[in-house]
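To start, the structure itself, in structure tokens.
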Amino acid sequence: MLSKAYDPKATEDRIYKMWEESGAFTANAKSEKESFTISMPPPNATGQLHLGHAVMLALQDIFARFQRMKGKEVLWVPGTDHAAIATESFVIKKLQKEKKMKDPRAQLGREALIGEIKDFVEASKSMIRGQVRKMGSSCDWSRERYTMDPTLNRCVNEVFVSMYRDGLIYRGHRIVNWDPKLQTTVSDDEIEYEERTEQFYTFKYGPFEISTSRPETKFGDKYVVMHPDDKRYTKYVHGQKMIVEWINGPIEATVIKDKAADPEFGTGVMTITPWHDHVDFELAERHKLEKQQIIGFDGKLLPIAGEFSGMSIEDARPKIVEKLKSKGLLVGIKEDYVHNVALSQRGKGMIEPQIKEQWFIDVNKRVVKWKRKELSLKEVMQEVVKSRLITIIPDRFEKTYFHWIDNLRDWCISRQIWWGHRIPVWYKDDRGTRDTHVGVQPPSGSGWEQDPDTLDTWFSSALWTWSTLIDPDLADEYALPLSELLLKSPDFLKFHPTDVMETGYDILFFWVARMILMTTYVTGSMPELEYGQVPFDTVYLHGLIRTRDGRKMSKSDPDTMIDPLDMIQKYGADALRLSMIVGQSPGNDSRLYEEKIAGYRNFVNKLWNASRFALMKCEEAKTDPSTITSLPHAKDLSLADRALLHALEVLIEDVTDGLAKYHLSEVGERIYAFVWEYFCDWYLELSKGTANVAVLVHVLRKILVLLHPYCPFVTEELWASVKASDAGMLLKNPWPNPKAERKDPEAFAQLQVLIDVITAIRRLRSEQGIEPGKEVSVTIFSKDHTALFDSQPEHIRRLGKVGSLTLSNKSEKLTNTAVAILSGAEVHLSLEGLIDVAAELKKLHAEHADLTRYLGSIEKKLQDKSFTDKAPPKVVEMEKKKMEETKEKLKKIDERLKSLS
RNA sequence: GGGCAAUUAGCUCAGCUGGUUAGAGCGCCACAUUGACAUUGUGGAGGUCACUGGUUCGAAUCCAGUAUUGCCCACCA
């Protein structure tokens, strides 16, 4: 016998273990079945899972379980990401804090620091494994991958070398986003802007006035730029030189005319600092101007600053302003200048643009093969979405995606950190010349030094969908090129392209776009793959989970954080999953709070108790539920049975259809409503007299099946008690096909009327205080006016095997009365004399007025030629029918009114 | 500056391509409840679908504009 309430803690771990040990999560590459593949976005191996992971795991698990039950060969690949910068800075901070190290990089050196990081990563990996299991994720642990696996490293090197040979990867001096705090480059996407109010200084610069918020960069400014059409400066010509007094004495300035100078801004004149500003850099490139470094990579001023050399920016700024002031060059200070300051996403340090030698991927060079065409990486990325090879849900993100690509610059892929895939390039200084080796494997011979930089973490995760499917045993066979590696891997052949990429919209650019870039590049030249494969067919983007009042949950504010593991502990994984899925639509943020989760815990418990009730009924009927294999013959089904079976068939249709379309929220709500309202509030109530256990068990089983993708634990647990003896575990149970012959809309409509009748009688009894045994007659209007119930025989017949009804004595439950109606017991009811005539009259008059108004609107509509001519005939028919029905209703009300008065 | 979206009940949100008199959960009010479910039931109140126009026989739904809010991208010396 089941316990009185569902206890997730006593169930979930046990059930998960059972699933895992059964091998049901393990995909078979040799299977004849159609495949369905999901690559799990690998969480960063830096510790705890948060709600973002929880929502992603819940969504993907629903996809996976649904498709598995539908009979597909499902592969869901789990894994973790090495998250280069995030992990390294996390571990460095940890070492500083826990081991009191000042500078762990310098103190430990490369090898030892990597060792520390590796240990940390291993620990968090096993933590994450446990947490992913807690969510109930049905992923294939035998295929777990990590973005730093040797196979992945091999793939990274292969792709790098190949792109290098194609001229897509190049090394160059470019202005990059330098993070002096973390001592590395960061990509454009890893920058955040913060609005700050700072002082804005205007200085005299020869005959001009120039303005800046950063005087400390101005030492090397020897170009003065103005718009070619600016009338104020027509007397100065491009290339004109002049001597101007500046911070550390006179310098030679050159006039540059360029449209980059906005005549509307300030004085319309500016000086430039090409080494430390993106725009200035481009301007300097255009005019082939000299570039000079002012600020060192440590964030301190270089010797060019003269007396300020070695000072940090913060210290130097006021002193420089002071000096310029004393020289009479300060024109003014604007105090409330608002502008955006670039900050590093990790560490929140100021970004100092610098010129550095870095590795880049060229996104504009048209050498990428795709479906026998030669395109640029940008063009391929656009092409696959335009041609619908990839669909993005919700589709508005396709616009965002295109917009991003339009503005995409070359991708800087090198990072000056130690944790990550090291760039597969080796150098050797040989009598003054420098040899370079770019290869998948290190060069032979001595004296070679590998490039110290590592690759952007997204470079390796961009290969995720297919690099995880390569047979690890083949990875060491360097004689095989990458294309052969893929074609010899059974998993790749069976499971790629993957079916759905489910992830947060916040990493559409970081990751999704880059997977498209890399996968199309790698497969585009392969005839075996029809000259190009996409990484996935569908991209499903979920939104962020926010707090109740719409704020972001952040680690710095622990009060706002909801820890998924706490919630699982408190309410169970099933309840948590429902609370994140139902009410969440793709691409939109949603809010989560404990009451919501508690609400779904109540639902899970309701289902549990409904099952308990069904089992109790089986016991009463001395029927072992496991022996129930079929439904009784149609003639032995009551009205309620037929109505419920009808509703179930409709539910199966809706759920199957909705899940295929990824309408998860809607489907969840649909099942929720069916279980609570139809199954529990209608059917179980009606079953309290005599129950048809076969129908009970049949419907309950179907509910468990349909709900399994959403609530895997509780459904599997209940399944054990109600399943047929020859059925296996629920997660492998076949998905039901809707059966049209079980549909019975007539019965469903009749039951609805009946429910209305019962409800009305209950109400009357409580409102009027009807004495037991007293005979009354009653007229009851159903909500939708489709049927009226009174003691007239024809209506009674409409309701099925109904004789008439009574309230015989006080102790008898109203629900029993309902059962009496259903089983056709011969009872008599007359509520005459107890009806509140005045109240009924009032109600009838109100209804009459409503209906008359409604009728008027329909009649008007039907007289309107433009309606009858233009509206589809079906609609006109419908309106006519509505008119007839309304007239009918009005007639009845009229009759009733007459009889009352 | 460029782009994307949102605005529906007290709160959180559905409402899929225009079609009966707009829905759910929570909350609120009243009543019931030894009952499968101290996690339940029944009923109720509560909405000019942000605003203004337009298209249409018909608009929460499509279009334009306005207001407010949020997000993304770029970034100005």
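In what follows, every heavy atom counts, from backbone to side chain, and hydrogens, waters and symmetry copies are set aside. Protein chains get the first letters and strands the later ones, always in sequence-line order, with residue 1 at the start of each.
As judged by a 4.0 angstrom heavy-atom cut-off over every strand, A/A261 is placed among the base-contacting residues. The residue A/R670 sits apart from the nucleic acid: no heavy atom pair falls under 4.0 Å. Using a 4.0 Å heavy-atom cutoff across all strands shown, A/K552 reaches no nucleic acid atom at all.
Between B/A14 and B/C73, the two C1' atoms lie 31 Å apart (nearest whole Å). Between B/U12 and B/G47, the two C1' atoms lie 16 Å apart (nearest whole Å). Annotation: B/A64 and B/U56 have their C1' atoms spaced 16 Å apart (nearest Å). B/U17 and B/C62: their C1' atoms are spaced 11 Å apart (whole Å). Taking the C1' atoms as reference points, B/A45 lies 7 Å from B/C29, given to the whole Å. With C1' as the reference atom, B/G41 and B/A36 are 13 Å apart, rounded to whole Å. B/G23 and B/G65: their P atoms are spaced 32 Å apart (whole Å). Separation of the P atoms belonging to B/U61 and B/G19 is 11 Å when rounded to the nearest angstrom.
The pair A/E285-A/K291 counts as a salt bridge, with a side-chain nitrogen and a carboxylate oxygen less than 4.0 angstrom apart.
Between A/K606 and the phosphate of B/G41, there is a side-chain N or O to OP1/OP2 separation shorter than 4.0 Å. A/W676 has no side-chain polar atom (N or O) that falls below the 4.0 Å cut-off from OP1 or OP2 of B/U40. Using a 4.0 Å cut-off, some side-chain N or O of A/N602 falls inside it from OP1 or OP2 of B/U40. Listed pair A/R214 / B/A77 fails the phosphate criterion, with no side-chain N or O lying under 4.0 Å from OP1 or OP2. For the OP1/OP2 pair of B/C37 and a distance below 4.0 Å, the side-chain nitrogens and oxygens of A/K4 include at least one atom meeting the criterion.
With distances taken from any side-chain atom of A/D681 to the nucleotides B/U42, B/A36, B/C73, the minimum falls on B/U42. With distances taken from any side-chain atom of A/F613 to the nucleotides B/A77, B/A36, B/G25, the minimum falls on B/A36. The side chain of A/N407 lies closest to B/C73, out of B/U39, B/A36, B/C73. Between B/C37, B/G25, B/C4, one nucleotide has an atom nearer to the side chain of A/R612 than all others, and that is B/C37. Relative to the side chain of A/F200, the nucleotides B/U40, B/C37, B/A77 differ in distance, and B/A77 lies closest.
Considering only residues two or more places apart in sequence or on other chains, A/K204 meets the salt bridge (charged side-chain N to carboxylate O under 4.0 Å, His left out) condition with none of them. For A/Y6, the ring-ring contact (aromatic ring centres under 6.0 Å, His included) criterion is met by A/W608, not counting sequence neighbours.
With rounding to whole Å, A/Q199 atom CD is found 17 Å from B/A77 atom C1'. When rounded to the nearest whole Å, the span between CG of A/L343 and C1' of B/C75 equals 14 Å. Between A/E677 atom CD and B/G23 atom P there is a gap of 13 Å when expressed in whole angstrom units. Atom NE2 of A/H403 is separated from atom C1' of B/A5 by 14 Å (rounded to the nearest Å). Rounded to an integer number of Å, the gap from A/Y683 OH to B/A36 P is 16 Å. We find that CD of A/E398 is positioned 17 Å from C1' of B/C72, with the value rounded to whole Å. When the P atom of B/G25 is taken as reference, atom CZ of A/F603 falls 12 Å away, rounded to whole Å. The distance from atom OH of A/Y571 to atom P of B/U39 is 13 Å, rounded to the nearest whole Å.
With values rounded to the nearest 0.5 angstrom, A/T217 atom OG1 is found 8.0 Å from A/D277 atom CG. Note that the CD1 atom of A/I545 and the CG atom of A/D589 stand 9.0 Å from one another [nearest 0.5 Å]. Note that CG of A/D258 is 13.5 Å distant from OH of A/Y223, once rounded to the nearest 0.5 Å. In this structure, CD1 on A/I313 lies 4.0 Å from CD1 on A/I295, to the nearest 0.5 angstrom. Taken from OH in A/Y201 to NZ in A/K334, the straight-line distance is 13.5 Å, to the nearest 0.5 Å. To the nearest 0.5 Å, atoms CG (A/D280) and CG (A/L289) are separated by 10.0 Å.
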Taking N or O atoms only and anything under 3.5 Å, show me the protein contacts with nucleotides 12-20 of chain B, one pair per line.
from: B/U12; atom 1: OP1; to: A/R591; atom 2: NH1; distance (Å): 3.2
from: B/U12; atom 1: O4'; to: A/Y593; atom 2: OH; distance (Å): 3.3
from: B/U12; atom 1: O2'; to: A/K596; atom 2: NZ; distance (Å): 3.4
from: B/C13; atom 1: OP1; to: A/R591; atom 2: NE; distance (Å): 3.3
from: B/C13; atom 1: OP2; to: A/R591; atom 2: NE; distance (Å): 3.2
from: B/A14; atom 1: OP1; to: A/S585; atom 2: OG; distance (Å): 2.9
from: B/U20; atom 1: O2'; to: A/Y854; atom 2: OH; distance (Å): 3.1

Per-pair distances, 0.1 Å, donor-acceptor, side chain in residues 662-676 of chain A, under 3.5 Å, sequence neighbours excluded:
from: A/S665; atom 1: OG; to: A/G583; atom 2: N; distance (Å): 2.8
from: A/R670; atom 1: NE; to: A/D654; atom 2: OD2; distance (Å): 2.9
from: A/R670; atom 1: NH2; to: A/D654; atom 2: OD2; distance (Å): 2.9

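Taking each heavy atom of A/D574 and A/V714 in turn, the nearest pair found is OD2-N, 2.7 Å.
Take the nearest nucleotide of RNA chain B for A/A610 and for A/E595: the residue whose nucleotide is more 5' is A/E595.
Taking the O4'-C1'-N9-C4 or O4'-C1'-N1-C2 dihedral as appropriate, B/A36 has a value more than 90° from 0 and is therefore anti.
Contacts between residues 272-285 of chain A and RNA chain B, counted as heavy-atom distances below 4.0 Å, involve A/D277, A/V279.
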Intra- and inter-strand pairs of RNA chain B in dot-bracket (Watson-Crick or G-U wobble, both distances under 3.5 Å; | for another strand): (((((((..((((.....[...)))).(((((.......))))).....(((((..]....))))))))))))....

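Relative to the ring axis of A/Y593, A/K596 places its NZ or CZ within 45° and under 6.0 Å from the centre.
Residue A/E619 places its CD atom among 12 or fewer non-hydrogen atoms of other residues, nucleotides or ligands, all under 6.0 Å distant.
With no hydrogens or angles considered, no side-chain donor-acceptor pair links A/N605 and A/Y571 at under 3.5 Å.
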